[in-house]
Number of protein chains: 2
Amino acid sequence: MSHLRVVADNTATASAPKSDPESASVVDDSLPLNEILQGDCVDLMNSLPEGSVDLIFADPPYNLQLGGDLSRPDNSVVDGVTESWDQYDSMDAYDLFTHDWLQAARRLLKPDGAIWVMGSYHNIFRVGTVLQDQKFWIQNDIIWRKTNPMPNFRGTRFTNAHETLIWATKSEDARPTFHYDAMKMMNDGVQMRSDWTLPICTGHERLKTEGGGKAHPTQKPESLLHRVILSTSNPGDVILDPFFGTGTTGAVAKKLGRHFIGLEREADYIAHARKRIAKVRPAGTEAIKITRSKRSEPRVPFATLVERGLIDIGTKLFSAKGNLTAKVRADGSLACDDGFEGSIHKVGAHLTDAPSCNGWTFWHTMNKDGLTPIDAIRTQIRAEMAQA
Amino acid sequence: MSHLRVVADNTATASAPKSDPESASVVDDSLPLNEILQGDCVDLMNSLPEGSVDLIFADPPYNLQLGGDLSRPDNSVVDGVTESWDQYDSMDAYDLFTHDWLQAARRLLKPDGAIWVMGSYHNIFRVGTVLQDQKFWIQNDIIWRKTNPMPNFRGTRFTNAHETLIWATKSEDARPTFHYDAMKMMNDGVQMRSDWTLPICTGHERLKTEGGGKAHPTQKPESLLHRVILSTSNPGDVILDPFFGTGTTGAVAKKLGRHFIGLEREADYIAHARKRIAKVRPAGTEAIKITRSKRSEPRVPFATLVERGLIDIGTKLFSAKGNLTAKVRADGSLACDDGFEGSIHKVGAHLTDAPSCNGWTFWHTMNKDGLTPIDAIRTQIRAEMAQA
DNA sequence: ACTCTACCTGAATCAGGCA
DNA sequence: TTGCCTGATTCAGGTAGAG
C-alpha cells in the first residue's frame, strides 16, 4: 500500500473477539487495523479496499468562519478554533470537500455498513444535503445536548448548547447494526431517544500539550463515542475515522473490542493519539457483551455511570457483606459467575433468591477505603440530570 | 390587491399596542393584517409589499407531492460546485420548492427581520442549505425536545424525539430582535439554551374534526410559538406564516399583541384557524411586557450625575476592592494619581491594564455604609427620566 | 483528610452609535 | 467605510491552593 503507516498499535487486535457468532463480520486481512495513517483522508480512503469497513465515524472541520477575538465579561479571551484546517475559501469549497470525502467513505463501507457525521449549524446542513444527494439514507439525526456548553458572552443569541450527528446507511434497503435492547437498557428501560445529554470533554480526559494547552481544539468526549460504537457496531467490527484527531474513536473502539483505522494529517495529533490509545485497556469479552433480550427497568440509568466513566466496564461489584459479586458490562447490565445477566436489580435479586432487589443500595464498589454503595455515585449525576 | 381575503379577523388589531416607543415598528397600512389569505404561498407573498414583515415563521411540508409541472432546478439552488453533483431526482422538486418560497419570504422581510423554519431530518438539511445559499445568516439552530414523542414501534432506530428549527436573518449584518433578558428570565435566571424541552400538542389544544379526528396532522404546540414570538419579535410587529395550517402562529401572535398574516391553501384548515383565533383573548399590554435589556435603557452620561450634584466634583471613586482610586472632575472625566485622565471607562481600563472596562460597574462611591457602585446612582436618574 | 474559594476554560459565525 | 468611544456581557465543572 502506498500510505505511510505511522503507528502500529495492535494491542486491541489481540483482545478483540474474533467474531461474534450472532453478528459475524468479515475482516479484510489487508486492512491496516488499529493503526493511524498519516495523510489526506480522501487519498488514504481510496487506497483501502472497497467495501471493507463496518462503521465510519467522522467529525469533519466545521468551517466556523469566526470573526475577531471574543472576550468574556471578565475580559479574558476565548481560545477559538483558528486552525488552518478549519478555513475554507467559500461555501462551495467546503461543499466540494464534503462531497469528496463522503464519496470516498461511501466506497469503503460494506453494503450494510453505516456512517456517523457530526457538526454544528455551520456545516451540518451542507453535510446532510450531500449525504442525501449521494443516496445515503438517514436513519436518525441525533442531538448531543451539552450539559456544560460555553455561554453566549454577549447576550446576542441562545446559548449554542448542542451539536448534531447524522447516522446514515448507504441505501434505504441497508440493514445497519443497531442494538436496540442495549440502548434501551442504557436508558432505564425505555427507548433511547434522539437527544443525548452528555458533558463536553474536560478535566483529565482532555489531552494537554506539554505547555498545558489543549492538544486538540475540538476533542470529543469518550462517552459520546461509547454510545455511537455500542449502538451501531459489533465486537470485532472495523471502524474508520477519517478525521482522527487525538483518537477518541480509536480509544473507545479499543476499549470496546472493535478494530479501528484512523486517518489524520497532523503528526502532532497522531503522536497524542498513539500515546493515548496505548494506555487503553480493552474491556474483557464478557464485559462488552450486551443485552440481547428485553430486560426490565432500573429507575435511574445505571448505564450513565458507565458511559461517563464513573464506573469502568468490567468493574467488580460487591454486596454489602462482600460475599456476592458481579461484573459491570458496557451497556450497564451486570453478569455474575453462574451466567445470569441483567440489570443491577435483577442480578441482585437473583443472587439473593429474592423476588426483588434495589440494586442501587445492594451493590457496592470496592476501593482502598472499603465498600461504597453505587447509589453514592448516582447522587453526583442526579444533580446534573435535574438541571439537564 | 389581487388575493382573496378569506378571513377578516381584526380583533387583534384593536388590542395590539400601537407601537412600542422603544422598538417602534413601521406597519404598512396596505397589509392584510390579522387575516388568512387562501392560495399558493409564493403567489401570495409576491403580492404583498416588499420589506414589510418583521418576522416569518414557517413550518413547511416535509414530504411534498408536487405536480409534474416543475422544471428542472436552476443552478441557483445549489451553486454549481462540480458536474458530479448532477444526481438529483425527487429531491430536486423539494429543493426547487424550498428555493422558491424562501426567495419570496426573503423579499418580504425588512432588512433586520428574521425567519424561523422548522423541520425534521427529512427536510431540514435541504432547508438549511438553501437558506445559506440565499445568503441568509443563521443565528441559531434550535432543538425542540419533545417530552412525549411517538415511540419507534419496530425498535429499529432511536426514538425520533426532536425537531429542528433554524432562526436566521437576511444577512450577516442584520440585527434581529432578540429579547435576551426575557429568555433568561424564562429560564430561571440562566441563558436560554438552544434546546427547548416542550410537550407535543395534545389534549384540548389539539383541534379536532367533527368526526373526532385530528383537524391537522402536524399541529404545533402553542408553547413553541410562544417562545419563538416572545424572543424574536416586539408587540405590534407583523408576523407572517406561509404555511398557516390551523393557525397556531396566528393564535399566539394575537395573544401576545403581534399582528399576523396567514397564508394557507386548504379551506378546511382556514375554517379551523378562523374559529380558533376568534376565541383567543389578547393578553393586556401590561401582561406582554417582558424583562428589558439594559441596552434599551436611555443613555445617561456620567457627567449628568456630576451636573445634577448627585456626585460632587473632586469626589474620590474606588474600585470594588478599594485599592484603585480616581477623582471626579467637573466635566465628568476622571483623573488618577499617575496623571492619566479620561472617561470612567478609559480610566478603569487603564488602571486594570484591560482592553476595556465598564466604568459604571467598576467605580464606587464611599460612604459610611461602604462602597456603592455608581451604576446605582444612574438607576435613580433613569427612574426620574421615565416619569418625566 | 477534609472544605472552601478563587481561578480557569470550552467547535463561537457574540455590539452599537456616532463622527 | 473606518475608527473611536461607550458600556454591556457568562455557565458548568474541573483544578489548585489555602485554611
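Naming convention: chains lettered A, B, ... in sequence-line order (proteins, then strands); numbering from 1 in each chain. Just so we're clear, the structure is a prediction, and the values are computed from it rather than from any experiment.
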Please name all residues satisfying ring-ring contact (aromatic ring centres under 6.0 Å, His included) with B/W196, sequence neighbours left out, ordered by chain then number.
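Checked B/W196 against ring-ring contact (aromatic ring centres under 6.0 Å, His included); matches are A/F158, B/W116.
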
Which donor-acceptor pairs under 3.5 Å do the side chains of residues 346-353 of chain B make with protein atoms, sequence neighbours left out?
residue : atom : partner : partner atom : Å
B/H350  : NE2  : B/D338  : OD2          : 2.8
B/T352  : OG1  : B/G348  : O            : 2.8
B/T352  : OG1  : B/A349  : O            : 3.4

For nucleotides 15-19 of chain C, which of its nitrogen or oxygen atoms have a protein nitrogen or oxygen under 3.5 Å away, and what is each distance?
residue : atom : partner : partner atom : Å
C/dG16  : OP2  : B/R175  : NE           : 2.1

B/K327 bridged to B/E341 by N-O distance under 4.0 Å
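Answer for the salt bridge query: no.
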
Cationic N near anionic O, under 4.0 Å, A/R126 to B/D133:
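Salt bridge between A/R126 and B/D133, a charged N being under 4.0 Å from a carboxylate O: yes.
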
Angle between ring planes, A/Y88 versus A/F97, binned at 30° and 60°: parallel, tilted or perpendicular?
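Correct class here is tilted.
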
Not counting sequence neighbours, which residues clear side-chain hydrogen bond (donor to acceptor under 3.5 Å, both in side chains) with A/R154? List them please.
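A/R154 satisfies side-chain hydrogen bond (donor to acceptor under 3.5 Å, both in side chains) with A/S71 only.
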
Give me the residues of residues 340-354 of chain B where at least one heavy atom lies under 4.0 Å from an atom of DNA chain D, by number, or none.
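Close to the strand are B/S343, B/H345, B/K346.
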
Within the structure, does a side-chain N or O atom of [X] lie under 4.0 Å from either OP1 or OP2 of [N]?
| X | N | value |
| --- | --- | --- |
| A/N160 | C/dT13 | yes |
| A/R206 | C/dA11 | yes |
| B/K294 | D/dG7 | no |
| B/T361 | D/dG7 | no |
| A/K146 | D/dG13 | no |

Give the dot-bracket string for DNA chain C, reading 5' to 3', where a pair is Watson-Crick or G-U wobble with both distances under 3.5 Å, ( ) marks pairs inside the strand, [ ] marks pairs crossing earlier ones, | marks a partner on another strand, and . marks unpaired.
.|||||||||....|||||

Would B/W137 count as stacked on C/dT13 if the rule is ring centres under 5.5 Å and plane angle under 30°?
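Check passed, B/W137 stacks on base of C/dT13.
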
